[in-house]
Amino acid sequence: VQLQASGGGLVQAGGSLRLSCAVSESIERFVGMGWYRQAPGKQRDLVAVIFRSGSTNYPDAVKGRFTISRDNVKNMVYLRMNGLEPDDTAVYYCNARDVLDHWGQGTQVTVSS
């Protein structure tokens, strides 16, 4: 499976971005679709996940600011990010999980103060 993330960029604090992830196969076969991020020198952390059931989960750091959604027809996953903060600066990765974790190439998000 191939995942292509896009939509990153440079934004001022308080701004918004929408990330997109195009998936080469039906996303309905995956247990969950997620977005992770990795800042320089830090581990890769989950920022949002949407399960096959449609339920979602977010860590406290982004809860209320980020929204994950999916389009099962287009095989797309989105991450709407509002109220961006400099600490949100990272490379954002799309993930698809079945018995394995599948990763896209990442898209850079930079938030200036």
Side-chain angles (χ1 to χ4, degrees):
V1 60
Q2 296 182 354
L3 298 90
Q4 181 75 35
S6 62
L10 174 64
V11 64
Q12 289 187 330
S16 298
L17 284 173
R18 189 181 81 154
L19 305 183
S20 300
C21 177
V23 185
S24 63
E25 301 178 15
S26 172
I27 62 175
E28 292 185 271
R29 77 172 185 88
F30 296 105
V31 173
M33 300 294 303
W35 286 95
Y36 289 71
R37 67 186 180 188
Q38 187 167 19
K42 296 188 176 182
Q43 67 183 21
R44 189 173 296 187
D45 291 327
L46 175 73
V47 293
V49 60
I50 184 165
F51 298 101
R52 187 183 290 146
S53 64
S55 63
T56 59
N57 195 27
Y58 306 89
D60 289 344
V62 307
K63 195 172 294 183
R65 299 189 298 124
F66 290 11
T67 303
I68 189 170
S69 61
R70 59 194 292 164
D71 185 327
N72 291 341
V73 175
K74 296 181 179 179
N75 293 323
M76 296 288 293
V77 182
Y78 305 99
L79 183 68
R80 179 68 180 180
M81 305 185 293
N82 296 326
L84 283 162
E85 304 167 353
D87 283 349
D88 295 318
T89 295
V91 178
Y92 283 69
Y93 296 91
C94 182
N95 170 272
R97 176 169 293 179
D98 46 29
V99 294
L100 298 172
D101 277 318
H102 307 275
W103 298 96
Q105 87 289 359
T107 184
Q108 175 71 46
V109 172
T110 303
V111 185
S112 63
S113 57

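Quick note: numbers below take in every heavy atom, side chains included, and nothing from hydrogens, waters or symmetry partners.
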Could you go through the side-chain contact (heavy atoms from CB on, under 4.5 Å) check for L3 and C21 one step at a time? CA-CA 6 Å; L3 298 90; C21 177; 3.8 Å; yes
Quick check: do D45 and P59 have side-chain heavy atoms less than 4.5 Å from each other? no
Given the rule that I, L, V, M, F, W and Y join up when any side-chain heavy atoms are under 4.5 Å apart, are V47 and W103 in one cluster? no
Can you find a pair of side-chain heavy atoms, one from R44 and one from R37, that are under 4.5 Å apart? no
Is there a side-chain contact between V99 and V31 in this structure, where contact means two heavy atoms from C-beta onward sitting under 4.5 Å apart? no
Heavy-atom side-chain contact between S20 and R18 under 4.5 Å: yes
If we only count heavy atoms from C-beta on, is the V11 to T110 side-chain gap below 4.5 Å? no
List the steps and the verdict of side-chain contact (heavy atoms from CB on, under 4.5 Å) for E25 and Q2. CA-CA 8 Å; E25 301 178 15; Q2 296 182 354; over 6 Å; no
Would Y36 end up clustered with V111 when hydrophobic side chains under 4.5 Å apart are linked, directly or stepwise? no
Which pairs count as ring pair (Phe, Tyr, Trp, His ring centres under 6.0 Å) when at least one residue sits in residues 62-101, sequence neighbours excluded? none
Separation of N95 CG from W35 CH2 (nearest 0.5 Å): 10.5 Å
How far apart are the C-alpha atoms of I50 and S55, what are their side-chain angles, what is the distance that settles it, and do they pass the side-chain contact (heavy atoms from CB on, under 4.5 Å) test? CA-CA 6 Å; I50 184 165; S55 63; over 6 Å; no
Passes side-chain contact (heavy atoms from CB on, under 4.5 Å), L19 versus M81? Steps please. CA-CA 8 Å; L19 305 183; M81 305 185 293; 3.8 Å; yes
Should M76 and I27 count as side-chain neighbours, where that means a heavy-atom distance under 4.5 Å? no
Assess whether atom CD of Q38 is packed by more than 12 heavy atoms of other residues, nucleotides or ligands within 6.0 Å. yes
Are V91 and L84 connected, step by step, through hydrophobic side chains (Ile, Leu, Val, Met, Phe, Trp, Tyr) whose heavy atoms are closer than 4.5 Å? no
Flag the pair D98 and R29 as a salt bridge only when some basic side-chain nitrogen lies within less than 4.0 angstrom of an acidic carboxylate oxygen. yes
To check you understand the geometry: which heavy-atom pair defines the closest contact between V109 and G8, and what is its length? CG2-CA, 4.1 Å
Nearest heavy atoms of S113 and P86, plus distance in Å: CB-CG, 3.8 Å
Hey, what do you get for CG (L79) to CE (M33), rounding to the nearest 0.5 Å? 12.0 Å
In this structure, are over 12 heavy atoms from other groups packed under 6.0 Å from K74 atom NZ? no
Sequence neighbours excluded, every pair satisfying ring pair (Phe, Tyr, Trp, His ring centres under 6.0 Å) that has a member inside residues 11-30: F30-H102
Say whether N82 and R80, considering side chains only, have a donor N or O and an acceptor N or O under 3.5 Å apart. yes
Membership question, hydrophobic clusters at under 4.5 Å side-chain separation (ILVMFWY): are V23 and V49 in the same one? no
On a heavy-atom basis, the closest approach of Q105 and Q4 is NE2-NE2, 3.2 Å
Beyond-backbone contact of Q108 with T89, side-chain heavy atoms, under 4.5 angstrom: yes
Sub-4.5 Å side-chain heavy-atom contact between T67 and Y58: yes
